Structure formats: C-alpha cells, structure tokens
There are 2 protein chains.
Amino acid sequence: MARERRRGRRTRAAGSAVRQAPWREVVNRFPPVAPLSEDEVRFIQDRSLRVLEEVGIEFLHDRALDILQAAGADVDRDTRRVRLDRGLVAQAIAAAPPEFRLHARNPDRTIAIGGNRIAFCPVASPPFAHDLDGGRREGNFKDYCDFLRLGQSLNALHFFGGYPVEPTDLPAASRHLDCLSAFATLTDRAWHAYSLGAERIDDAISIICIARGRTREEIKAEPSIVTVVNANSPLRFDTPMLDGMMTMAEHNQPVIVTPFTLCGAMAPATVAGALTQQNAEALAGLALVQLANPGAPMVYGGFTSNVDMKTGAPAFGTPEYAKAAMIGGQLARLNGLPYRSSNANASTSVDAQAAYESQMSLWGAVMGHANIVLHGAGWLEGGLVASFEKMVIDADTIQMIAETMTPVEVTDDEIGIEAMRDVGPGGHFFGTRHTLERYETAFYEPMVSDWRNFESWREAGGPDAAARANTLYKKILDAYEPPALDPAIAEELDAFATRRKAEIGRRTV
Amino acid sequence: MARERRRGRRTRAAGSAVRQAPWREVVNRFPPVAPLSEDEVRFIQDRSLRVLEEVGIEFLHDRALDILQAAGADVDRDTRRVRLDRGLVAQAIAAAPPEFRLHARNPDRTIAIGGNRIAFCPVASPPFAHDLDGGRREGNFKDYCDFLRLGQSLNALHFFGGYPVEPTDLPAASRHLDCLSAFATLTDRAWHAYSLGAERIDDAISIICIARGRTREEIKAEPSIVTVVNANSPLRFDTPMLDGMMTMAEHNQPVIVTPFTLCGAMAPATVAGALTQQNAEALAGLALVQLANPGAPMVYGGFTSNVDMKTGAPAFGTPEYAKAAMIGGQLARLNGLPYRSSNANASTSVDAQAAYESQMSLWGAVMGHANIVLHGAGWLEGGLVASFEKMVIDADTIQMIAETMTPVEVTDDEIGIEAMRDVGPGGHFFGTRHTLERYETAFYEPMVSDWRNFESWREAGGPDAAARANTLYKKILDAYEPPALDPAIAEELDAFATRRKAEIGRRTV
C-alpha cells in the first residue's frame with residue numbers, strides 16, 4: 001500500500017517529453033470551507049427561490065416553455081417570463097443523481113464527477129491564442145489542435161471542457177465538425193460540445209457514438225460528452241443554449257448550468273446578491289434539465305466574480321471571487337448536486353498576477369469542494385486568451401495542489417527515528433539508508449519550478465517561469481503521439497464530418 | 001455594523017502614495033485544515049518525545065544545561081547531549097500562555113498573537129537585496145532603511161520579524177545598534193531582535209525601553225520585541241542562540257522557536273519524519289524557555305520543507321511544504337501554543353513561480369491556522385534575496401487573503417431583490433441605486449493587479465506585475481514620512497547607540 005502510493009507519486013515520462021506526475025483522479029481530502037452559516041446558506045436559497053417565484057426568468061424557447069408549463073410553472077407566453085414555484089424546483093432537482101461517471105474513449109480516462117473528486121479541464125472558448133514566440137493572435141485551427149495535443153499530454157487534465165481556443169479561421173457553421181472530430185482523434189479523454197442549437201449537439205452525439213463504438217441508446221447509459229450552459233444573466237436563457245441543453249438532457253448527457261454573474265454588472269454589486277441571482281438562474285436551468293429528462297446527470301455551475309467598479313472591467317481571482325467559489329459549493333451541496341468552478345485570472349501576461357489570481361481561484365475551488373474546475377489550465381486575460389505557457393504552469397500547479405491533498409504516511413518506517421539516531425546532532429541525512437530508499441520518489445517534482453542557484457540560473461540565460469514553460473510546451477508537442485484509434489473508426493469519423501459539412505454547405509450557400 | 005465593515009474595506013491613501021486597504025488585525029474565520037487524524041498527530045507527538053528521551057538533543061550552553069539538569073533532565077556534560085523526559089517537557093510547556101499581546105511603540109499597532117489572529121511580517125535576514133533598477137546586490141544599510149520605510153507604509157504588515165535585509169556594509173559587532181535604532185525611529189510597529197548572544201538582546205531591551213518610555217520592569221509586563229531561535233537541525237541548539245533566547249525569556253519577551261527541517265537534508269526525507277524532528281526540536285527549545293522563565297510568552301515555529309533530491313537544492317512552497325505547514329499547526333495546537341509559519345518560495349525572479357510558490361505557502365499557513373507568518377512579504381530565492389517588488393506584491397496578496405476571510409453580509413438589503421426586479425431579464429446593474437450606494441467600497445481594490453484591456457495595457461508599455469510593483473514601491477518610498485517620535489526619545493536613542501558603539505569599538509579594537 002505504502003509502496004503503491006509512493007509509486008503513484010513517482011514522476012515519469014509522459015509523451016516521453018517531460019517528467020510529470022502520472023494521470024490520476026484527484027480526491028479532495030480536505031473538508032469544504034464554509035464562509036456562510038447553514039442559516040445564511042438557506043437564506044440565500046430562500047431568496048433565490050423568491051426571485052424565481054416573484055421576478056421570474058425568461059426562457060426564450062417554445063419547447064422549454066411547454067415543458068415548464070406542463071410541470072405547473074406560471075408561463076407568460078408574450079414575454080416568455082416564467083415564474084417557478086419553489087416546490088416545482090425542489091421536486092425537479094431532486095431527481096438528479098448526486099454523482100455520475102463521465103466516459104472517455106480510453107476507459108482509463110473515464111472519471112467520476114461528484115463526491116470528493118475534482119476533475120480539471122483545459123481553458124475553453126478564448127477568441128485569441130498566445131505564446132511567447134508568436135504573440136497574441138486570433139484563434140485558429142492549428143493552435144486549436146496544438147492545445148488538444150498539449151492537453152492530452154498533460155496528466156493534470158481530466159477532460160476537455162470546451163474548445164481550448166476558438167478556431168476562427170474555420171467556417172462558423174461547420175466548425176464544430178472539425179473541432180469535435182479533433183477531440184475524438186487527437187485525444188482520448190472526454191470532451192465538451194457547445195449548446196448552440198440541437199443540431200450541433202446531435203452531431204456531437206453522432207461523433208461520440210462513432211468514436212466509442214456505441215449506439216445512441218448505449219451512450220445514454222454511459223454519459224460521454226458534457227455541455228456548459230450559461231444563463232444570459234440577469235435572468236434569461238437564450239434559444240440556442242436551451243435548444244442544446246434540452247437535447248443533451250434527452251440524450252442523458254451531463255449539462256453544467258453556469259450563470260456568469262459579475263457583481264456590479266450582470267448581477268448586484270454584492271457577493272450575497274450575485275450569489276442569490278446565480279443560484280436562482282442555476283436552479284431554473286437545472287430544473288428544466290430534469291423536467292426534460294428526469295434523472296439526467298447535471299452539475300451546478302458557479303461563476304460569480306466582480307468588476308473593477310472604477311472602469312467596469314471584469315476581475316477574476318479576487319477575494320470576492322474566492323468567497324463566491326466557496327459559497328457556490330455550499331449552495332451546490334444544499335441542492336445535492338456536483339459543483340463546477342474555474343481557474344480564472346485577468347492578467348494580460350504570464351506573470352506574477354496571472355499566478356496569484358489563478359491560485360486564489362484554485363484554492364477557492366478546492367476549499368469550495370468543486371467537482372469540476374473548468375478553465376483549469378491556460379486561461380489568461382479574463383478568458384480572452386488561451387496561453388500555451390500558462391497551460392503548462394497551471395497543469396503543474398494543479399498537480400501541486402492535488403499532491404498537497406494526498407495523505408501523509410505516519411508510520412515508524414516513514415518517521416525514521418533510527419535514522420535520526422544514526423545521524424545524530426549536527427549531521428545530515430543525504431546519505432542515510434532511510435533517505436536513499438526514498439530519494440527518487442520522495443517529493444513532488446515540478447515541471448516548471450526552477451530551483452537552481454542564482455549563478456547557474458543566470459548562466460542559463462535567466463529564464464523566468466513563462467520562458468521555461470515555453471520550452472516545455474514545445475518539447476511536449478514535439479513528442480506528442482496521437483492515442484491509438486482503430487483506423488475504421490477514424491475513417492468513419494472522417495466520413496461523417498465530410499457528409500455533414502456537405503449538408504451544411506448546401507444549406508447555407 | 002454593516003456600515004462599519006464596509007468602511008473598513010474601503011481602500012484609502014496611506015503614506016498618501018497608493019490606495020490600499022487599511023491596517024487591521026487579521027482574523028482567520030476559516031476552520032483549520034487537518035491533514036492528519038488526531039491519532040496520527042498524537043503518534044508524531046509521541047515519537048518526537050521518544051526522540052528527546054532516547055536520542056536526546058545538544059544544548060551548547062552551560063547555563064542552559066544547568067537549568068535543564070535542575071529541572072530533572074539527563075544531561076551529559078561532556079557531549080552536552082540532553083535527554084528530556086516527556087513529563088518534564090509537558091509540565092514545562094504547560095506554563096506558557098496560549099495567547100499574548102505584542103506591544104508596539106504606536107499603541108494602535110499593538111497586536112494579539114494567538115487564537116484565530118494572523119500577523120504578517122516582512123521578509124527577514126536575506127544577505128542580498130534586489131529591485132528591477134539596481135539588480136541583485138549585497139545587503140546594505142540604505143536598502144535596509146528603505147525596506148523599513150516600505151514595510152511601515154504597507155498596511156498588510158503587522159510587525160518586523162527580523163532585518164528585512166542584512167546590512168553587510170555595517171560593522172558586524174555594532175550593526176544591531178544601527179538596525180534596532182532604525183526600527184525604533186523609522187517604524188512604529190513591534191520588531192525583532194536576533195538571539196546572537198545575551199548582550200545584543202540586552203541592547204534591544206534598552207532600545208525598546210527608550211522608544212516606548214518604559215522601564216525594564218514595565219517591559220516585562222508588556223512584551224514588545226520578539227526573537228526567532230532556529231535549532232541547528234538536526235538536534236542541536238548553538239551557544240549564541242541559547243544565550244539570546246534565555247535572556248529574552250528572562251525579560252518575558254516572546255521567543256519563537258523554529259527548527260529549519262529540510263526533508264532529506266537536515267531531517268529525514270519524509271514529511272512525517274521531518275515533522276517529528278521539527279516537533280522534538282521545537283518542544284526542547286520551548287521547554288527551556290519555560291524553565292528559564294515559567295509563563296514567558298512563546299510561539300511554536302514550523303519550517304519544514306523539502307530539497308530537490310536530484311541536486312540538494314532547497315525548495316519552498318511545494319506540496320510537501322504546504323502539508324507540513326498545515327500539520328505544524330496541528331502540532332502547535334496539540335501543545336497549546338501559538339503557531340508561526342512563513343511565506344516562502346525559491347524563485348530567482350518576481351515571476352509566476354515566485355507567486356505560485358508563495359500562494360502555496362500562504363494557503364498552507366492560513367489553513368494551518370498560523371498566528372504569525374514570518375517572511376510574509378518580500379522573500380525571494382529561498383530567502384537569499386529581499387525583493388522590493390515582491391514585498392509590494394506579497395502585501396497585496398496578503399490583503400486579498402485577509403479580505404477573503406472577512407464575512408459576507410447576508411441580508412435582504414445586500415441581496416437586493418428589488419434591484420433584480422427593477423433591472424429585469426437582460427438588463428444590467430451599473431446604474432442601479434443598489435450599485436451606486438456601494439460602488440466605491442464594494443470590492444477589494446488591489447494595488448498591483450492590472451485589469452485594463454490588452455490594448456490599453458500594451459499602449460502603456462505592457463508592464464508585468466513586477467514592473468508595476470517597481471513603480472509602486474518607489475512611489476511609496478517617495479511619500480514616506482517617519483512616524484511621529486518625541487525628539488527627546490530620538491535623542492536618547494541616538495545617545496544610547498553612540499555610547500554602546502564606543503564601548504563595543506573599544507573592546508573589539
């Protein structure tokens with residue numbers, strides 16, 4: 001057991017490029033931190049439900065309105081404003097599973113979502129890509145594929161929570177076919193499909209069925225793709241999102257409902273107010289998921305931060321953000337649902353700010369007991385930029401935090417009183433048997449951190465963390481090899497994308 | 001109450017140079033995180049006591065040996081090895097106060113040490129100073145004074161835990177007189193005196209008596225200076241440290257006993273082993289403090305980290321470091337003592353590594369419920385360098401973490417359902433009354449973080465966090481004004497230093 005744990009900690013080649021800790025599911029062994037009392041959490045829950053009852057929320061989709069009305073909601077067909085009774089919401093949500101499994105093409109990458117597990121994802125959806133060599137540029141398919149290769153090679157990352165960068169050089173109408181096919185071939189982890197209408201979700205289901213060799217019925221029993229649905233805060237869900245989310249629910253694929261509630265912009269300028277609104281919007285969306293398919297897997301998403309009140313600029317990894325991340329967990333647990341948070345920052349470069357804001361976000365997520373950390377690696381500039389260097393640094397940081405949560409072995413063998421006796425006062429432990437037995441695997445070995453002395457570091461050109469991450473990411477990409485895939489499946493994926501592109505092309509020309 | 005809290009959060013001019021949150025005592029409202037079970041903590045405690053009973057520890061000081069022998073310890077006068085019975089240790093430690101007050105020249109800067117308070121200090125003892133303009137240079141008295149001025153101006157910092165940089169341009173024999181006089185005049189917070197023999201501690205007591213206008217008897221009732229005593233790990237306390245610590249104890253001034261137990265170097269290559277040794281050394285030193293003066297204030301110090309096992313280079317802010325920081329808190333609480341941790345990192349520049357390793361250290365300290373965070377701001381390069389830029393960034397980070405721990409107000413007024421009703425679906429909260437009433441003080445306003453958009457940032461020259469901190473620290477120094485001091489006291493301090501320097505000069509020539 002001890003041996004096994006130690007072996008698990010051993011750093012080793014992955015993609016044979018850089019030494020990194022092995023892929024593993026991360027267990028959060030720390031208790032959640034609860035900034036609010038039980039009474040206060042229930043107060044927010046009560047006020048959220050009151051918002052849904054009294055103010056209501058817009059669902060810009062006829063079928064959603066039909067479903068909600070059939071369930072007993074008060075629906076105004078003209079304004080599409082829906083008022084939801086708290087009993088209806090509670091009953092709907094109660095049907096959701098508290099945990100579920102997310103299946104990957106590679107069964108070894110299938111993960112549990114919920115409980116005390118945390119899954120980390122690469123950044124999703126930035127319009128720009130960045131690295132130190134090429135600078136800031138519009139998202140493109142080459143960078144997209146490189147981010148997939150990098151994410152696939154980094155053991156810290158569990159599944160893809162969206163396109164790591166938006167490939168704006170591909171036609172918008174058929175881009176999803178290229179992107180999802182790339183997920184299915186360049187990576188063997190689970191991935192995300194955008195809820196931009198039912199058709200694209202349907203394509204995603206087709207692709208995952210081909211990639212995993214499953215029928216649509218089989219995929220229903222083995223959730224394999226996720227989607228994130230944002231409310232158009234305040235208090236509105238738009239048509240394509242609703243269309244996609246209902247389709248996902250009907251296929252029993254997990255929906256992560258995440259209001260983006262920036263205090264002082266799309267939500268009140270207080271943490272309590274923004275969280276009340278976040279909770280109202282999340283519960284409304286989540287209720288619809290269950291009404292569309294009772295028992296469908298789903299996740300409570302929180303993304304409350306604040307703006308700079310002087311300029312209106314969004315901020316991330318702030319004290320308010322960290323508090324909201326922790327309280328978001330309290331609300332998710334009150335509602336019996338897995339919880340999604342993020343690793344966000346607002347820095348324009350891979351500097352100290354990027355790192356300290358990210359750590360504030362990550363500790364907020366960890367202490368809030370998030371089960372999914374979207375944008376876990378590579379997010380920069382408030383989500384406008386996907387950074388290759390930041391992705392490596394974040395992956396390292398995630399593994400450091402994961403390692404911090406592993407148990408410390410407390411046994412006489414580990415403590416080594418005999419070694420202390422042998423070494424004695426004033427000695428050192430470098431050459432003792434106790435040390436030699438352990439030195440190769442004793443400690444977490446980071447990818448990015450540089451512990452050389454100043455002189456050696458300066459002689460090596462004095463590279464900072466971003467420069468070292470630049471070297472690392474290119475080394476990883478050089479060594480990347482696509483995960484094994486049956487050529488027949490690859491061919492079928494290709495044929496599907498070609499056929500669907502032709503269909504879409506005919507329609508849009 | 002709500003109003004008061006909000007006012008407390010308001011950023012405002014300090015030294016009229018930069019906006020920062022006001023000085024305040026920081027309350028840790030989060031429960032401590034306990035990586036070990038109660039049984040495991042007791043197991044380590046038991047093994048630590050067994051080390052003291054069976055292996056023993058060296059005290060290189062005759063008076064210390066006298067005191068320990070008189071208390072019933074098994075003392076070998078030849079080897080100076082002392083074996084301490086667990087009953088003796090427990091009884092001695094039980095006399096220590098669980099909390100105490102540390103008095104500053106400015107009564108508004110007097111703080112409580114213990115309970116759920118956290119006090120943060122500037123970096124202490126690096127041989128080198130660094131800023132972006134002057135680069136890395138040997139510590140000198142000009143930089144020393146500038147660090148004092150900067151520390152005095154940063155509201156995040158509660159007292160000085162040592163010389164922020166070693167002024168190597170001053171004669172070693174009398175340097176302490178210049179340094180302590182500078183503490184007494186350039187700052188109005190409490191400060192630290194090095195335990196390098198009884199004489200220097202005696203000088204420090206004289207200086208604090210003059211500065212605070214107190215007699216030596218009065219100072220005994222109002223602890224005003226602290227000292228950090230490191231064990232010479234493994235298992236040895238050296239002569240000057242013991243001399244100083246006993247003198248401090250006899251004057252009832254707080255002693256922080258901190259073994260520096262690097263896993264794999266001066267301690268076993270396991271977290272459990274290094275902590276067992278840390279605990280043994282700390283308890284031995286702390287027992288001596290109480291035997292020298294039962295009831296003297298003292299603090300359990302933890303500084304366990306690991307080395308890079310490939311090179312032997314010390315590492316900080318690692319997963320092992322963070323675990324040890326949290327478990328150190330468990331051991332301190334088991335022994336009923338306030339707890340000291342640190343904000344450490346091993347980076348050679350003010351980059352992402354400096355920030356993420358520091359945050360790992362800080363969250364370890366916060367979740368371990370440290371009461372004192374030494375090296376809280378400005379530490380770089382494993383403690384070899386005091387960085388002006390890092391001091392500003394750390395001060396900002398500390399205040400972000402402190403703000404994260406402040407309560408969230410959960411009231412109908414704060415939640416603002418009426419505002420949500422008025423804004424309605426798809427609107428925004430920028431101009432609402434609810435927002436306007438709060439916008440000036442709603443959120444923590446950082447000093448260093450840059451939230452401008454990319455274009456504005458690039459037009460401004462694209463400064464990273466270190467460059468911005470460089471601008472800030474110089475602005476703060478430009479605006480620095482020394483805290484008010486009675487000219488008679490200033491004169492007396494000067495006369496004392498002059499007289500003592502003459503005495504030391506005569507003796508050493």
Side-chain angles (χ1 to χ4, degrees), chain A residues 30 33 35 40 43 47 51 55 58 234-236 264 268-273 276 306 308-309 313 315 319-320 322-323 346 348-353 355-356 359 363 393 397 400 403-404 408 410 414-416 419-421 423 425-426 429 434-435 438-439 442-444 449 451 454 457 464-465, chain B residues 30 33 35 40 43 47 51 55 58 234-236 264 268-273 276 306 308-309 313 315 319-320 322-323 346 348-353 355-356 359 363 393 397 400 403-404 408 410 414-416 419-421 423 425-426 429 434-435 438-439 442-444 449 451 454 457 464-465:
Chain A
F30 297 157
V33 170
E40 288 170 329
F43 189 90
R47 293 311 189 265
V51 168
V55 182
E58 284 183 11
L235 300 173
R236 178 183 285 163
T270 61
V271 170
T276 300
N306 59 294
D308 178 347
M309 291 307 285
E320 292 75 21
K323 284 181 196 193
T348 31
S349 60
V350 185
D351 63 350
Q353 179 186 339
Y356 69 67
Q359 284 252 340
W363 284 110
I393 291 175
T397 307
M400 284 171 64
E403 181 62 32
T404 303
V408 170
V410 180
E414 282 287 285
I415 288 175
M420 293 184 216
R421 199 190 307 271
V423 167
F429 290 77
H434 190 266
T435 300
R438 289 164 173 81
Y439 84 100
F443 311 124
Y444 177 73
S449 298
W451 297 334
F454 178 75
W457 173 77
D464 68 4
Chain B
F30 297 157
V33 169
E40 288 171 328
F43 189 89
R47 293 311 188 265
V51 168
V55 182
E58 284 183 10
L235 299 174
R236 177 182 285 163
T270 61
V271 170
T276 299
N306 59 294
D308 178 347
M309 291 307 286
E320 291 75 21
K323 285 181 193 190
T348 31
S349 60
V350 185
D351 63 350
Q353 179 187 341
Y356 68 68
Q359 284 252 341
W363 283 110
I393 290 175
T397 307
M400 284 170 63
E403 182 63 31
T404 302
V408 170
V410 180
E414 281 287 285
I415 289 175
M420 294 183 215
R421 198 189 307 272
V423 167
F429 290 76
H434 191 265
T435 299
R438 289 165 173 80
Y439 84 98
F443 311 123
Y444 176 73
S449 299
W451 297 334
F454 178 75
W457 172 78
D464 69 4

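Model, not experiment: these values are computed from the prediction. Per chain, numbering begins at 1; letters A, B, ... match sequence-line order. Atom set for the values below is all heavy atoms of this structure, side chains included, hydrogens, waters and symmetry mates excluded.
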So, taking the atom named CZ in B/Phe443 and the one named CG in A/Asn306, what distance separates them when rounded to the nearest 0.5 Å?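 If I round to the nearest 0.5 Å, the distance is 5.0 Å.
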About how many Å separate CE of B/Met400 and CD of A/Gln359, when rounded to the nearest 0.5 Å? 11.0 Å
Output, in order, the C-alpha distance, side-chain angles, deciding distance and verdict of side-chain contact (heavy atoms from CB on, under 4.5 Å) for B/Met420 and A/Thr276. CA-CA 10 Å; B/Met420 294 183 215; A/Thr276 300; 4.1 Å; yes
Which one wins on heavy-atom pair count under 4.5 Å against chain A: [options]?
options	value
B/Ile415, B/Val423, B/Ile393	B/Ile415
B/Phe43, B/Phe429, B/Tyr356, B/Phe30	B/Phe429
B/Gly426, B/Ala465, B/Pro425, B/Ala269	B/Pro425
B/Ala346, B/Pro234, B/Ala355	B/Pro234

Criterion side-chain contact (heavy atoms from CB on, under 4.5 Å) on A/His434 and B/Thr270, from CA distance to verdict: CA-CA 9 Å; A/His434 190 266; B/Thr270 61; 3.9 Å; yes
Backbone N or O of A/Asp464 within a donor-acceptor pair of the B/Gln353 side chain at under 3.5 Å? no
Is there a donor-acceptor pair under 3.5 Å between the side chain of B/Glu320 and the backbone N or O of A/Tyr444?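 Side chain of B/Glu320 to backbone of A/Tyr444, a donor-acceptor pair under 3.5 Å: yes, one is there.
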Using heavy-atom distances under 4.5 Å, tell me whether [X] contacts chain A through its side chain, its backbone, both, or neither.
X	answer
B/Thr348	both
B/Ala419	neither
B/Trp363	side chain

Which of the residues A/Ala315, A/Gly264, A/Ala272, A/Ser449 is involved in the greatest number of heavy-atom pairs with chain B at under 4.5 angstrom?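 Option with the top pair count is A/Ser449.
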Pick from A/Gly273, A/Ser349, A/Pro319 with the largest number of heavy-atom pairs that fall under 4.5 Å of chain B: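 Maximum pair count with chain B is reached by A/Pro319.
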For the OH atom on B/Tyr439, are there more than 12 heavy atoms of other groups (residues, nucleotides or ligands in this structure) within a distance under 6.0 Å?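 For B/Tyr439, atom OH is not crowded (no more than 12 foreign heavy atoms under 6.0 Å).
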Tell me whether the count of non-hydrogen atoms from other residues, nucleotides or ligands lying under 6.0 Å of CZ in B/Phe454 goes above 12.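 Enclosed: over 12 neighbouring heavy atoms sit under 6.0 Å from CZ of B/Phe454.
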I need the minimum non-hydrogen distance between A/Glu40 and B/Val410, along with the two atoms involved.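 Distance-wise, the nearest heavy atoms are O-CG1, 3.9 Å.
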